[in-house]
Amino acid sequence: MAYNDNIIRALHRCFIPVSDKNGKMDVNNPFTNCALIFAYNGTGKTRLSYDFAHYGRNEESPSHTLYYNAYTEDLFTWDNDLDSNTEHHLLINTNSALIQGLAGYNFSDKLRKYLHIFTNIDFDFHYDENNPEIPDYVTFSKTITFTERLNGEKQTFEDTIENIKISRGEERIFVWCFFRCIIDQVINGNDAYKNIEYIYIDDPMSSLDDNNVIAFAEQLYAVIRKQREQEVKDFKDEKNDLRRIKFIVSSHHALFFHTMLHGLSGDKQLGRYYLSCNRQRDNLVLKSMSNETPFYYNVAMMSEIKKAIDNDKLYVYHFTILRSIMERIKEFFGHHDLTIILKGITYKDQRFDETAFTEEELTDFYARVVNVLTHQVAMFAPKLMVEDNKDLAIAIFNHLMDKYQFCLPNLDDYHCEKKSK
């Protein structure tokens with residue numbers, strides 16, 4: 001069996017039409033067209049997207065999956081003009097079938113429209129005279145507005161700076177908007193993409209600030225939602241040539257994931273998953289999340305720690321996970337440090353007034369424990385905690401459970417793969 005096959009088949013099943021409680025099709029919510037996957041960086045998201053795109057294919061069969069991931073970003077590379085440092089070009093790999101499908105289409109205006117949602121940079125495509133249908137490279141410019149006082153009056157001027165080297169974040173936004181134009185071609189029936197059944201978007205959020213993350217998610221879920229509405233309408237009208245385009249979106253970014261969930265909340269069959277790597281068993285694990293839990297980052301991590309406590313398998317890196325959860329709580333409530341989150345914690349099941357600690361000393365003690373032990377973590381060479389540290393970790397876990405009343409989801413529904421050697 002190939003790597004990730006069980007997980008890929010589980011994702012395929014997510015899109016199968018479902019029946020209502022009486023065994024009949026729910027015509028208003030017959031299927032989903034999207035599966036959302038949350039996972040940490042380094043879990044294996046990119047590998048999964050690659051394996052998904054090649055699942056069930058041989059060399060002669062057409063591609064069934066259009067994917068946006070690190071491989072897509074690698075189709076765009078910089079020529080930085082190292083000699084004179086004046087002509088900065090972003091080269092486009094025109095040999096890619098992904099790019100070749102755009103041949104003959106004028107999509108500059110649409111791309112510019114998408115791009116200006118995020119940034120005020122502009123661009124110009126340049127074409128090779130031997131291949132005038134596909135852009136060979138792109139240059140960027142930026143128009144700045146400034147005021148000067150002339151003859152005692154303020155006047156506004158504009159100046160355009162050509163051939164600029166854009167930031168990494170702006171580059172990835174541009175590549176995404178380019179890919180967004182390809183999605184339009186898939187949906188609109190461009191014959192070059194006629195065999196595409198799935199659009200797999202893997203972790204597109206690197207280098208974006210939170211405002212752009214929200215705008216990005218809103219743009220993406222609007223496309224997915226509109227496409228599903230059309231597909232459900234065609235299904236209810238019993239359209240013979242119904243074509244379904246299914247989206248899989250994976251990310252490590254909590255805000256992006258939450259915004260996508262909120263934007264697709266009307267889809268009752270929406271696939272919701274948590275992808276993790278069990279390094280002790282060498283497994284990649286896909287877990288289905290219940291609809292009752294709206295946001296999985298913290299609750300999924302707390303569930304993982306509870307399972308580790310129950311199985312007496314607490315590793316040193318679980319302190320890092322606890323620290324991450326506490327940081328999220330701190331940010332949510334607008335606190336400046338972790339001590340207020342730890343206020344009220346017990347020591348060996350005793351409150352501060354039953355020990356030699358004051359409340360402030362006990363809080364500071366646990367804060368130091370978290371700070372010290374999270375700097376001793378090796379995620380890829382995990383070590384079991386010693387008994388004293390276990391007691392400290394369990395105390396912090398129980399404190400968070402009691403103080404913030406986590407409702408932990410059932411993570412028993414999962415599909416896993418043995419990682420390749």
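Since we're looking at a predicted model, the values are computed, not measured.
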Compare all side-chain heavy atoms of Glu327 with those of Leu338 and state whether any distance is below 4.5 angstrom. yes
Does Glu171 pair with Arg168 as a salt bridge, N-O distance under 4.0 Å? yes
Taking atom CG of Asp51 and atom OH of Tyr67, what is their separation to the nearest 0.5 Å? 10.0 Å
Please check if the side chain of Gln269 supplies one atom and the backbone of Asn29 the other of a donor-acceptor pair under 3.5 Å. yes
Just so I know, are the side chains of Ile187 and Gln230 near enough to count as touching, which here means a heavy-atom distance under 4.5 Å? no
For the NZ atom on Lys226, are there more than 12 heavy atoms of other groups (residues, nucleotides or ligands in this structure) within a distance under 6.0 Å? no
Quick one: sort the Phe179 and Trp176 rings into parallel, tilted or perpendicular, breaks at 30° and 60°. tilted
Tightest non-hydrogen contact, residues Ser141 and Thr160, listed as CB-CG2, 4.1 Å
Any side-chain heavy-atom pair from Phe397 and His318 closer than 4.5 angstrom? no
Specify the closest pair of heavy atoms between Arg57 and Pro62, including all atoms of both residues, with the distance to one decimal. NE-O, 3.5 Å
Could you tell me whether Asp310 and Lys306 make a salt bridge, using a distance below 4.0 angstrom between a side-chain N and a carboxylate O? yes
Hey, what do you get for CG (Leu48) to CG (Leu11), rounding to the nearest 0.5 Å? 6.5 Å
Considering residues at least two apart in sequence or located in another chain, which fulfil the salt bridge (charged side-chain N to carboxylate O under 4.0 Å, His left out) criterion with Lys110? Asp184
Does the pair Asp312/Lys390 count as a salt bridge with the N-to-O cut at 4.0 Å? yes
Worked check of side chain to side chain contact (heavy atoms under 4.5 Å, CB included) between Phe31 and Val232: CA-CA 8 Å; Phe31 50 72; Val232 170; 4.1 Å; yes
Taking all non-hydrogen atoms of both residues into account, name the closest pair between Lys287 and Ser276 and its distance. CE-OG, 4.1 Å
Phe123 side chain reached by Leu90 side chain, heavy atoms, under 4.5 Å: no
Electrostatic pair Glu231-Arg228, nearest N-O below 4.0 angstrom: no
d(Leu342 CG, Ile396 CD1) to nearest 0.5 Å is 6.0 Å
How many angstroms lie between atom CE of Met302 and atom CD1 of Ile309, to the nearest 0.5 angstrom? 8.0 Å
Main chain of Gln219, side chain of Arg180: is a donor-acceptor contact present, judged purely on distance under 3.5 Å? no
Please collect all salt bridge (charged side-chain N to carboxylate O under 4.0 Å, His left out) contacts where either partner lies in residues 122-135, sequence neighbours excluded, each pair once. Arg112-Asp122
Are there more than 12 heavy atoms of other residues, nucleotides or ligands under 6.0 Å from atom CD of Gln100? yes
Flag the pair Thr65 / Ile248 as yes when at least one side-chain heavy-atom distance between them is below 4.5 Å, and no otherwise. no
Decide yes or no for Met260 and Tyr221: does some side-chain heavy atom of the first lie under 4.5 Å from some side-chain heavy atom of the second? yes
Cys34 to Val249 - nearest heavy-atom pair and separation: SG-CG2, 4.4 Å
Answer whether the closest heavy-atom distance between the side chains of Ile345 and Phe365 falls below 4.5 Å. no
Tell me, yes or no, whether the heavy-atom count around His126 atom NE2, taken from other residues, nucleotides or ligands under 6.0 Å, exceeds 12. yes
For Thr32 and Asp267, does a side-chain donor sit closer than 3.5 Å to a side-chain acceptor? yes
Return the OH to CZ distance between Tyr198 and Arg244, rounded to the nearest 0.5 Å. 8.0 Å
With Ile182, which of Tyr193, Tyr105, Tyr68, Phe107 fulfils side-chain contact (heavy atoms from CB on, under 4.5 Å)? Tyr193
Aromatic centroids of His12 and Phe52 separated by under 6.0 Å: yes
For the student: nearest non-hydrogen atoms of Thr259 and Ala217, plus distance: CG2-CB, 3.6 Å
According to the interplanar angle, ranging from 0 to 90°, do the rings of His335 and Phe333 count as parallel (below 30°), tilted (30 to 60°) or perpendicular (above 60°)? parallel
Please evaluate residues Ile224 and Ile199 with respect to the criterion side chain to side chain contact (heavy atoms under 4.5 Å, CB included), reporting the C-alpha separation (whole Å), side-chain torsions for both, the decisive distance (0.1 Å), and the verdict. CA-CA 10 Å; Ile224 296 172; Ile199 297 175; over 6 Å; no
Flag, side chain of His64 to backbone of Tyr55, donor-acceptor distance under 3.5 Å: yes
Before you tell me yes or no, could you show the steps for Ile173 and Ile121 under side chain to side chain contact (heavy atoms under 4.5 Å, CB included), namely the whole-Å CA-CA distance, both residues' side-chain angles and the distance that decides it to 0.1 Å? CA-CA 11 Å; Ile173 287 172; Ile121 63 171; over 6 Å; no
Once the angle between the rings of Tyr50 and Tyr71 is folded into 0 to 90°, is it parallel (under 30°), tilted (30 to 60°) or perpendicular (over 60°)? tilted
Surrounding CD1 of Ile117 (heavy atoms of other residues, nucleotides or ligands, distance under 6.0 Å), is the total greater than 12? yes
Looking just at side-chain N and O atoms, do Asn371 and Arg323 make a donor-acceptor pair shorter than 3.5 Å? yes
Counting distance only, does the side-chain N/O of His253 pair as donor-acceptor with the main-chain N or O of Phe38 below 3.5 Å? no
Identify the heavy atoms of Thr94 and Asp136 that sit nearest to each other, and give their distance. CG2-CA, 4.2 Å
Under 3.5 Å, is there a donor-acceptor pair between the side chain of Gln405 and the main chain of Asp402? yes
Using 0.5 Å steps for rounding, measure from the CD1 atom of Ile329 to the CD1 atom of Ile340. 12.0 Å
Answer yes or no: is there a donor N or O on one side and an acceptor on the other, between the side chain of Asn190 and the main chain of Gly101, under 3.5 Å? yes
With a 4.5 Å heavy-atom cut-off, do Glu162 and Thr139 have their side chains touching? no
Listing request: all side chain to side chain donor-acceptor pair (under 3.5 Å) pairs with a residue in residues 338-347, at least two apart in sequence or in separate chains. Asp337-Thr339
Using atom types as modelled and distance alone, determine if a side-chain donor or acceptor of Ser96 lies under 3.5 Å from a backbone N or O of Leu98. yes
Under 6.0 Å from the NZ atom of Lys194, do we count more than 12 heavy atoms belonging to anything else shown? no
Can you list the steps and then say if Phe125 with Asn106 is a side chain to side chain contact (heavy atoms under 4.5 Å, CB included)? CA-CA 11 Å; Phe125 282 132; Asn106 183 1; over 6 Å; no
